[in-house]
Amino acid sequence: MSSTPAAPSLESLRAPFAPGGPFELDAERCRKLLAAALRRGGDSADLFAEISTSASMGLEEGLVKSASRSVSLGVGFRVRRGDAAGYAY
C-alpha cells in the first residue's frame, strides 16, 4: 500500500533570503556586504542570492530503484574593476 506525501507547508516554501526567512538578507546586511566587497578598490559590485532544488527517481521494470533530493543555497559576489571581474560564491 502506498501513501501520498503531504503537501509542503507554506512556511517550507518561503524563500530563505526573504524577510523573515532563516537566512534573511535585509537592506542593511546587503549594504554591509557590498561595502566589504568594494573595500579594496572595485568600481562596482553585485550580490546574488541563489537557491535551487532538484529531485530524481530511478525506475527499473516499474519499480523504484533509487531516489534522491537536494537543495543548494548560497550568496555570491561579483566585483568589477575596469574591464576585470572577480566572482566568489
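Note that the structure is a prediction, hence the values are computed from the model and not measured. We count residues from 1, following the sequence as given.
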Return a table of donor-acceptor pairs under 3.5 angstrom between the side chains of residues 48-67 and protein atoms on other chains or two or more places apart.
from: Ser54; atom 1: OG; to: Ser70; atom 2: OG; distance (Å): 2.8
from: Ser56; atom 1: OG; to: Ser68; atom 2: OG; distance (Å): 2.9

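- Residues satisfying the side chain to side chain contact (heavy atoms under 4.5 Å, CB included) test with Asp43, not counting sequence neighbours, are Arg81.
- With sequence neighbours excluded, the residues forming a side chain to side chain contact (heavy atoms under 4.5 Å, CB included) with Ala37 are Ala45, Phe77, Val79, listed by chain and number.
- Contacts classified as side-chain hydrogen bond (donor to acceptor under 3.5 Å, both in side chains) and involving residues 15-29 (residues at least two apart or in different chains) are given here: Glu28-Arg31.
- Hydrophobic clustering of Ile, Leu, Val, Met, Phe, Trp and Tyr side chains at less than 4.5 Å, counting indirect connections, unites Val71 with Phe23.
- Residues meeting the side chain to side chain contact (heavy atoms under 4.5 Å, CB included) test with Arg80, sequence neighbours left out: Ser44, Asp46, Arg78, Ala85.
- Under the 4.5 Å side-chain criterion, counting only non-hydrogen atoms from C-beta, Val75 is in contact with Phe17.
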